[in-house]
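Encoded as structure tokens, the structure appears first; notes follow it.
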Amino acid sequence: MAQPLVKKDDDRDDEAEYSPFLGIEKGAVLQEARVFNDPQLDPRRCSQVITKLLYLLNQGESFTKVEATEVFFAVTKLFQSRDIGLRRMVYLMIKELSPSADEVIIVTSSLMKDMNSKTDMYRANAIRVLCRITDGTLLTQIERYLKQAIVDKNPVVASAALVSGIHLLQTNPEIVKRWSNEVQEAVQSRAALVQFHALALLHQIRQNDRLAVSKLVTSLTRGTVRSPLAQCLLIRYTSQVIRESGSTQTGDRPFYDFLEGCLRHKAEMVIFEAARAITELNGVTSRELTPAITVLQLFLSSSKPVLRFAAVRTLNKVAMTHPMAVTNCNIDMESLISDQNRSIATLAITTLLKTGNESSVDRLMKQITNFMSDIADEFKIVVVEAIRSLCLKFPLKYRSLMNFLSNILREEGGFEYKKAIVDSIVILIRDIPDAKESGLLHLCEFIEDCEFTYLSTQILHFLGIEGPKTSDPSKYIRYIYNRVHLENATVRASAVSTLAKFGALVDSLKPRIFVLLRRCLFDSDDEVRDRATLYINTLGGDGSVVETDKDVKDFLFGSLDLPLVNLETSLKTYEPSEEPFDINSVPKEVKSQPLAEKKAPGKKPTGLGAPPAAPVSTVDAYEKLLSSIPEFANFGKLFKSSAPVELTEAETEYSVNAVKHIFDSNVVFQYNCTNTIPDQLLENVTVIVDSSEAEEFSEVLSKPVRSLPYDTPGQTFVAFEKPEGVPAVGKFSNMLKFIVKEVDPTTGETEDDGVEDEYQLEDLEVVAADYMLKVGVSNFRNAWESMGDDFERVDEYGLGPRESLAEAVSAVINLLGMQPCEGTEAVPNNSRSHTCLLSGVYIGNVRVLARISFGVDGPKDVAMKLAVRSEDEGVSDAIHEIVASG
Amino acid sequence: MLLALLISNSVGNILVERYHGVPTEERLHWRSFLVKLGTDNLKGAKNEELFVASHKSVYIVYTVLGDVSVYVVGKDEYDELALAEVIFVITSTIKDVCTKPPTERLFLDKYGKICLCLDEIVWTGILENTDKDRIKRLIRLKPPAEF
């Protein structure tokens, strides 16, 4: 039975620590709720019962439909009472019960009465309750009152109506949108909170109207905003306007002064919001960043953990794009490593890892080692990822960083954490040749005692690829063969494959590998035995020291040369029959994305943190696609594929884009065509290319698409020959040629007769940048020094009057098609000179580095000094020629 | 949006729980996540000392007041600083209602009043009132003093 709820004096607190709700039970409380029906209401008693009901609801107790209805009806009786405290409780209770649509009618009249009451506070509460329980039809009836309430003199009434508006906008947007004028008026209110709520609602109403939002921001940034909360909203909307204006023009950024002014606001909340908005500006310059970083730095040593957290979190993001800007805060950041709040400490560590220089690495690692033991796995993963990037940035420090990774690999941890460490070691082995041997041994030691099958197999596979290429492959065999004894079947099978790879790639090891493989023939698992049998029978030589056939290697370990998706689809459609599955029947063409997916909305950027997805997979996909076409087989290795160039306007009948594939002495244009007309089938689709403005090119073949149904992309190719190794350039005009056949939309049948037709496409150009691969270097200075000045070519050029220095720099980068290094593509505003560092690989696989110093001469004239170093004299000259002729 | 407001006693039993815009099936997960966060970090914490965490795009600010722990969860405009403001209003109001940092018993004694205060502070995921004196008047249906 429930304990009676008695009012107690505070000094009696420590007497009895039992809960006033001890033993509370739903049935009993529902019984008690009958007091609501008493003709003589006892307001106090009723309030107590409502409190109990609230307690039950807050404990997650749910009422059945019947119970809820009963309580709701009983509660509505309480409107008769004049007791103010009870009335307030009733409002809350009705909201909590959220009655169903058919019950709402019982209270609407009481609430409507309260809404027109002379007592303001009845009105405010009635609005909130009504808006919570109402539907569209009732809303139109009370709309007039709500509009009045928005501009009510009493701030509580106005806020109630505005917040209800925000709530109702989700369900009845067309009604709420009609209140714009009133909301606009409320934005000018003298009451701080009314202004805050009005601004939020007005922005939500107009969020799809860019011009309106821009006007709103312009007027408010000039006026005064009373509440810090509203000021924060305004800052957010301002940054949205800045982002959408895509400010590429030179000179000062619009609204920057406003943001900068907010850094001096008296409320910390506003200062922080402004600082963060500045750091998130597109292409923010160091000059713009400085004041924001300064306030964030002050916050780092604040006594308030929330401020420290906010500041370090923001600086962490800034460090990803502008590490130099954050270095000033390093001392404050280091003291945060010992912060009680582990989130703050982790953010500080990872920021330091991003901004630290080579000399501070060892000291940092020491601090991190102490810190790692007392944080949770998810924080550890963040640290591991930061260490990986640090190692790639300072390859010379691989030893201490690799040691750190191997140490933490040995400690306790969950799968995700261990996977992050293994992935990091694998990446370091791939990217830092010196780290290979020690890294592989660390991985070998790890699989000796690894509880995760997935990681063991991943490492075994990796060992199979990298191990045979090391100076002493035999030392890995023991670790691999141990797996065959000690692990589950999946890992054993994987180990057998790895052993076989060693056998196939290292002839001297073959006899010993055969001995081991033969032992696997008696394994208890089918898959392990099958693999061992396959390898013993195919590797050849019966265990003697002979070279394994190339065909066998390709068969066993080569790639399938098929898109796995296609193979999966073919296998799924294969019906078991006498006829075996033929792998040659699997289509090799890579399906482009369907039309719908292609229109990826380029909406709001996700702050500074999200790097674009690596393009590696597309390059691989192109390589596979081209190699599957026999006509291109003798073109050699694909050097580069360009990004798709659109050759048609958006939303035309036929959508075509082209990819330029560059080979040593050939260029292949891949035209991706999509037919966007549902009742047409295109056949024999080709592109007729006129290369009269590209003298060095001669067309060698054209490969049409046989059939192009609606919304299924197809590819047609045109290949050209050009002088070997020469970066020939030229302009090509294109005409799409095809046969159109009508398709009956109801039956899907195609008419037999078609009509020949043509469609003019935009021109396509092959430019010098197409012969350059963007390949960055982690340390430009080291790379520059080690390249030496044997083939250095230096010259000066005048670029004439340019719009700005930044524009000139970006034009030269685009002309050369090289990778800017160390963030030198960004030019600080108003600077008069700039040095840009570029790196790339030129056709013929020649590494090229360029150091370009720009200077502004006179009002707008830009001049530059270009120094090129490469592994080939001719290439250094070629780069100068590109610039001279560009 | 203020996604959640949760008040628990010192051993993690829920006293008040309100969600907005959190699907029902995720609520239990949030409850246990927050309570665990509290048990891991709030031991020995000073009254009203703020703790902060973020999980993906969601922020959490929490604190201890007497025998109860208060957690608020928000996203978008309700970032860590806005949440700090919200939790400050909540704790100062609770202190005001209970006249001091409450014991669990005292909190439950004033349960009805506290529910009313919370209703004035956060409604449908939006911060509505920030001044404890005004809130004190509003729960008695008195207009704000400055009006």
Side-chain angles (χ1 to χ4, degrees), chain A residues 5-8 10 13-14 16-21 47-48 50-51 54-55 58-60 84-85 87-89 91-92 95 119-122 124-125 128 132 153-156 159-160 163-164 166-167 193 196-197 200 229 232-233 236 268-269 272-273 304-307 309-310 313 341 343-344, chain B residues 7 9 13-18 27-28 31 40-41 49-55 59 61 67 76-77 79-85 87 98-100 102-106 108-109 111-113 115-116 119-120 123-131 134 137-144 146-147:
Chain A
L5 198 69
V6 283
K7 199 172 176 184
K8 296 180 71 182
D10 292 336
D13 267 356
D14 38 15
E17 272 303 315
Y18 62 88
S19 157
F21 301 114
S47 290
Q48 286 170 356
I50 291 185
T51 308
L54 286 172
Y55 181 77
N58 272 328
Q59 293 290 301
I84 288 182
R87 177 63 65 89
R88 183 64 189 81
M89 281 297 220
Y91 291 131
L92 177 57
K95 281 192 284 187
T119 316
D120 285 341
M121 301 319 294
Y122 279 19
N125 278 289
R128 300 207 299 177
R132 171 74 186 254
K153 282 202 284 295
N154 186 328
V156 180
S159 271
V163 177
S164 300
I166 297 174
H167 183 56
L193 281 167
F196 167 57
H197 294 134
L229 286 162
C232 286
L233 285 185
R236 279 175 180 252
E268 282 157 346
M269 195 194 292
F272 170 71
E273 197 67 49
K304 299 179 185 168
V306 175
L307 269 186
F309 177 81
R313 187 169 65 84
N341 185 318
S343 304
I344 296 180
Chain B
I7 302 180
N9 68 5
N13 296 327
I14 306 300
L15 302 174
V16 176
E17 191 178 35
R18 287 162 170 268
R27 293 180 180 181
L28 204 60
R31 176 197 286 185
D40 286 352
N41 297 298
E49 181 186 352
L50 291 191
F51 288 74
V52 56
S54 69
H55 178 64
Y59 308 99
V61 173
D67 281 357
D76 297 334
E77 65 268 39
D79 60 11
E80 59 273 59
L81 292 190
L83 292 179
E85 179 84 12
I87 213 163
C98 301
T99 67
K100 61 178 179 184
T103 58
E104 186 183 345
R105 169 71 212 235
L106 185 53
L108 291 172
D109 276 347
Y111 195 79
K113 225 175 207 181
C115 285
L116 290 179
D119 188 47
E120 295 290 352
W123 189 57
T124 61
I126 294 159
L127 175 61
E128 198 165 339
N129 281 300
T130 53
D131 176 41
R134 182 197 267 204
R137 293 179 67 85
L138 293 184
I139 62 165
R140 287 179 291 144
L141 288 177
K142 296 249 165 52
E146 75 272 16
F147 176 65

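Just so it is clear: chains get the letters A, B, ... in the order the sequence lines come, proteins before strands, and each one is counted from 1.
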**Report entry** Under 4.5 Å from any heavy atom of chain A - which part of B:E120
**Finding:** both
Report summary line: The interface call for B:L83 against chain A, heavy-atom contacts under 4.5 Å, is neither
Query raised in the report: Does any heavy atom of chain A fall under 4.5 Å from the side chain of B:L127, the backbone, both, or neither of them?
Result: both
Query raised in the report: Measuring heavy-atom distances to chain A, does B:N41 have an atom under 4.5 Å in its side chain, in its backbone, in both, or in neither?
Result: neither
Report task. Against chain A, label B:D79 side chain, backbone, both or neither, depending on which of its atoms sit under 4.5 Å from a heavy atom there. Result -> side chain
Report task. Using the ring of A:Y91 (Phe, Tyr or Trp, six-membered ring only), decide whether A:R128 places NZ or CZ under 6.0 Å from its centre and within 45 degrees of its axis. Result -> no
Report task. Quick one: which of A:L233, A:N125, A:V163 has the most heavy-atom pairs under 4.5 Å with chain B, could you say? Result -> A:V163
Query raised in the report: Among A:G85, A:C232, A:A124, A:S164, which has the most heavy-atom pairs under 4.5 Å with chain B?
Result: A:S164
Report summary line: Applying a strict 4.5 Å limit to non-hydrogen atoms, the region of B:L141 in contact with chain A is both
Query raised in the report: Under a 4.5 Å heavy-atom cutoff, which of A:T119, A:I344, A:I84 has the most pairs with chain B?
Result: A:I84
Query raised in the report: Quick one: what part of B:R134 sits under 4.5 Å from any heavy atom of chain A, side chain, backbone, both or neither?
Result: side chain
Query raised in the report: chain A heavy atoms under 4.5 Å from B:R27: which part of the residue, side chain, backbone, both or neither?
Result: neither
